[in-house]
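Being a predicted model, the structure only gives us computed values, none of them experimental. Every chain is numbered from 1 and lettered A, B, ... according to where its sequence line falls, protein lines coming before strand lines.
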There are 2 protein chains.
Amino acid sequence: MARQPTGEPPSTPRARPATSIDVARLAGVSRATVSHVLNGQIERFSEDTVERVRGAAAELGYVRSAAGRALVMGRSDFIIVVVPYATFIRLQDVIEVISADIEELGFTMVVHFDVARGRGTASNRLQHMVETMRPAGVVDLGGLSLADREAITESGCPVLPRRLPSAVNRWIGTLQVRHLHSRGHTEIAYAFLADARDDPYGRGRASAVAAFCEAEGLAPPSRVHVPIEPEGARRVLRELVQARGWPVGIACYNDKVALALVFAAKGLGLAVPADVAVVGVEGADIGQVVSPRLTTVASDVADSVRPFRAALASAYGGRSAADDAAPPLDDAFFLLLGETT
Amino acid sequence: MARQPTGEPPSTPRARPATSIDVARLAGVSRATVSHVLNGQIERFSEDTVERVRGAAAELGYVRSAAGRALVMGRSDFIIVVVPYATFIRLQDVIEVISADIEELGFTMVVHFDVARGRGTASNRLQHMVETMRPAGVVDLGGLSLADREAITESGCPVLPRRLPSAVNRWIGTLQVRHLHSRGHTEIAYAFLADARDDPYGRGRASAVAAFCEAEGLAPPSRVHVPIEPEGARRVLRELVQARGWPVGIACYNDKVALALVFAAKGLGLAVPADVAVVGVEGADIGQVVSPRLTTVASDVADSVRPFRAALASAYGGRSAADDAAPPLDDAFFLLLGETT
DNA sequence: TTGTATGCGTTATCAA
DNA sequence: TTGATAACGCATACAA
């Protein structure tokens, strides 16, 4: 359990940061005036007053305290972005874009990693965070369960986007299996990453693959868990081929899994793509630089982030909610043809 | 510039979260007693009182408001972990470990991505965050410049670890070039990732490589920037070989760069490792699953995180500062022998 | 052992 | 157009 913060923090040189009362004194006005001016309600004040206040604030390096502000507002200006416990190669790009939007709206982005730490509910850490810091919102990158989302909403904090983002993963899985099917494959498998303990993305994609198979009258896809090391990957592939024969088409959780299987196939003397066809996800540059070049579901970062941007804008920026309703999944993710199917 | 938060947030169902005064009322004590008990100063209260207070708090689902607390304490219970603008494959693992430590100490971890957004100082976003949320500390994963650190410290927030973590990158670069040299290479190059705009890690490693070359009387290393796509990588390698002849030994920023060069060499008809030897960094599983297996500087996450854990413990947990003083770099990073040198 | 009073920095309401 | 003043929720020195 969390203890109270204890021990002495390292020495803290500077004395006391400037407060609004300091600014008020220097500008020769009241604290209320300072607050008003700095919050942009300048129409009601004389040109001169506004200038003096701004000058004083700048001179003192005054910054509004998040604490004081949050206390009186009932909620803070933070927006928590929740990163799921899943492999997330383009994370830094995605964060960069969302961060820019959040700051554009005047909020401060804070990132929370939803590490599934073994036992217990995955995200009571997040729940606690929401309750203590009372953020203006939570942005769900896709790892939150319905229960998680409800708990957070229940404690008075909106979760964005409104819809469960799991549709994205269903779409990705569908793209993969549809492509394999179009290449004539009838024996289908889904390959999870072995070490991911409770991967929310993988589950969604695998079930989409299963749904497609059922709809097309194919046998249910095998589910295998691929470790990213040579022998392990070979073992998994060998077992799969024994069970399903070949050719077999494998939709992989990501490009890493796909590459592991490609090289495992070589090790087993199986031909790619003739005997074993694999399709990854990510369009990671790494998959395109090796040979054979990987067939994969690629995504445009800007496009795939659009639903989040739209949700933010419609929730806080006053834009219409229409953007949120119809995110163009088809543009965001597309099949990148390589040499492994 | 950042605007004021504006627009209506989505509906917020629940009314008002419980405050300490609610708890006090339910327990039949004063607010002060609640505060004392919940802060662990229970020695001075009767068994019965403590029980009642805790029971009431639990019943109401009371959580101390970060805002109120921060306001009166002068600083919040947040600790900001700063992720540098650099490729960071094991990020999620590293975060997980540090997060556990931070929470163990009773603080709340918040992650900040130091995106170098083009123009201007890289991290005035961070500076602003420090000033508004007044965190208990900032954990620097290695991307902060001396000036950044000073600015933060100046505004009253300790930065950990105390020492610049750049020693880690120097050590990594040294491991790489020392290995190449031990293989007989005298023509050395350092390969940056092309797209990284201002990579703090890469700079440190490259300068370590240069220093080694100078110390050993070798020609200064060439510096090349490798894009992760086939033609680009081939072009860079071709130019390098024209300039330095072969065999040439290349210390790469990471495994991705190394792989790009390995396959580029194949495309140019150069032999690996005879003509072109590459050594990566990360020990990324992906490098070990392809063929040829990559030679690389691998790291043990637990070991490489140790300096940060120690710094946290010594700053806030009261443990001795000795741990911080001598982080065992030699254990944390080691050369993983593959087939590319 | 417990309660009272005060202040932290900000915003909002209302009076001037 | 501007300025008092009252919350907001919490922690703590001090009084009881």
Side-chain angles (χ1 to χ4, degrees), chain A residues 4-6 15-53 56-57 60-78 106 108 131-134 136 156, chain B residues 4-6 15-53 56-57 60-77 106 131-134 136 156:
Chain A
Q4 283 308 304
T6 174
R16 187 181 54 80
T19 75
S20 75
I21 198 168
D22 299 322
V23 176
R25 258 200 290 268
L26 183 56
V29 298
S30 76
R31 299 203 303 280
T33 306
V34 172
S35 187
H36 282 134
V37 169
L38 263 36
N39 285 347
Q41 308 173 2
I42 53 173
E43 281 77 21
R44 334 181 335 185
F45 293 92
S46 75
E47 187 77 17
D48 179 61
T49 304
V50 172
E51 273 315 304
R52 276 212 319 283
V53 169
L60 296 174
Y62 166 76
V63 180
R64 306 202 297 302
S65 139
R69 200 176 149 81
L71 193 53
V72 69
M73 303 287 288
R75 65 150 205 242
S76 69
D77 287 343
F78 297 113
T108 299
E131 278 164 351
T132 90
M133 87 185 250
R134 305 204 176 286
Chain B
Q4 285 305 306
T6 175
R16 187 180 55 83
T19 76
S20 75
I21 197 168
D22 298 323
V23 177
R25 259 199 290 266
L26 182 56
V29 297
S30 78
R31 298 202 304 279
T33 305
V34 172
S35 191
H36 281 135
V37 169
L38 264 34
N39 284 347
Q41 310 175 358
I42 54 174
E43 281 78 20
R44 338 182 330 187
F45 293 93
S46 75
E47 187 75 18
D48 178 60
T49 304
V50 172
E51 273 314 306
R52 276 212 318 283
V53 169
L60 295 174
Y62 167 74
V63 179
R64 304 201 300 303
S65 140
R69 200 176 148 80
L71 194 52
V72 68
M73 302 287 287
R75 66 151 202 241
S76 70
D77 288 343
E131 277 163 351
T132 86
M133 87 186 251
R134 306 208 172 281

- Message: If the cut-off is 4.0 Å, is A:Thr49 near the phosphate of D:dT1, judged by side-chain N/O to OP1 or OP2?
- Response: no
- Query: Within this structure, what is the CZ-to-P distance between A:Arg52 and D:dT2, rounded to whole angstrom?
  - Reply: 8 Å
Distances under 3.5 Å only, N/O to N/O: pair up the protein atoms with those of nucleotides 12-16 of chain D.
none

- Query: Taking the side chain of A:Phe45 as its heavy atoms from C-beta onward, which of D:dT2, C:dG9, D:dA11 lies nearest to it?
  - Reply: D:dT2
- Does a side-chain heavy-atom distance below 4.5 Å link B:Met133 with A:Thr108? no
- Note on the structure: Atom CG of A:Leu71 and atom P of D:dC10 are separated, to the nearest Å, by 8 Å
- With A:Ala27, which residues qualify under side-chain contact (heavy atoms from CB on, under 4.5 Å), at least two apart? A:Val29, A:Arg52, A:Val53, A:Ala56
- Message: Using the salt bridge (charged side-chain N to carboxylate O under 4.0 Å, His left out) criterion, which residues pair with B:Arg44? Sequence neighbours excluded.
- Response: none
- Note on the structure: Of D:dT1, C:dC8, C:dG3, the nucleotide closest to the side chain of B:Val72 is C:dC8
- Task: Describe the nucleic acid contact of A:Val34 in one word from base, sugar-phosphate, nothing, applying a heavy-atom distance below 4.0 Å.
- Result: nothing
- Apply salt bridge (charged side-chain N to carboxylate O under 4.0 Å, His left out) to B:Arg31 and list each qualifying residue two or more places apart in sequence or on a separate chain. none
- Message: Heavy-atom nearest nucleotide on DNA chain C for A:Ile21 versus B:Gly28: which residue maps closer to 5'?
- Response: B:Gly28
- Message: From C-beta outward on A:Ser30, which listed nucleotide comes closest to its side chain: D:dC10, C:dT10, D:dG3?
- Response: D:dG3
- Counterpart residues, side-chain hydrogen bond (donor to acceptor under 3.5 Å, both in side chains), relative to B:Thr49 (two or more places apart): B:Ser46
- Does the B:Ser76 side chain pair with the main chain of B:Arg134, one donor and one acceptor, at a distance under 3.5 Å? yes
- With sequence neighbours left out, which residue pairs that include part of residues 17-26 of chain B fulfil the salt bridge (Lys or Arg N to Asp or Glu O under 4.0 Å) condition? B:Arg16-B:Asp22, B:Asp22-B:Arg25
- Query: Mapping B:Val29 and A:Ala66 to their closest nucleotides on DNA chain C, which lands nearer the 5' end?
  - Reply: B:Val29
- Message: Distance check needed: D:dT1 P versus A:Glu47 CD, whole Å only.
- Response: 12 Å
- Message: Please enumerate all residues that pass side-chain contact (heavy atoms from CB on, under 4.5 Å) together with A:Ser35, with sequence neighbours excluded.
- Response: A:Asn39
- A:Leu38 CG to C:dA12 P, straight-line distance once rounded to whole Å: 13 Å
- Message: Nearest whole Å is fine: how far is D:dA11 C1' from B:Ile42 CD1?
- Response: 18 Å
- Item | Length of the CG-C1' vector between A:Asp22 and C:dC8, whole Å | 13 Å
- Task: Give the angle between the helix axes at the two ends of the helix from C:dT1-D:dA16 to C:dA16-D:dT1, taking five base pairs at each end and rounding to 10°.
- Result: 40°
- Item | side-chain contact (heavy atoms from CB on, under 4.5 Å) partners for A:Val63, two or more places apart | B:His128, B:Glu131, B:Thr132
- Could you state the CE-P distance from A:Met133 to D:dG9, rounded to the nearest angstrom? 18 Å
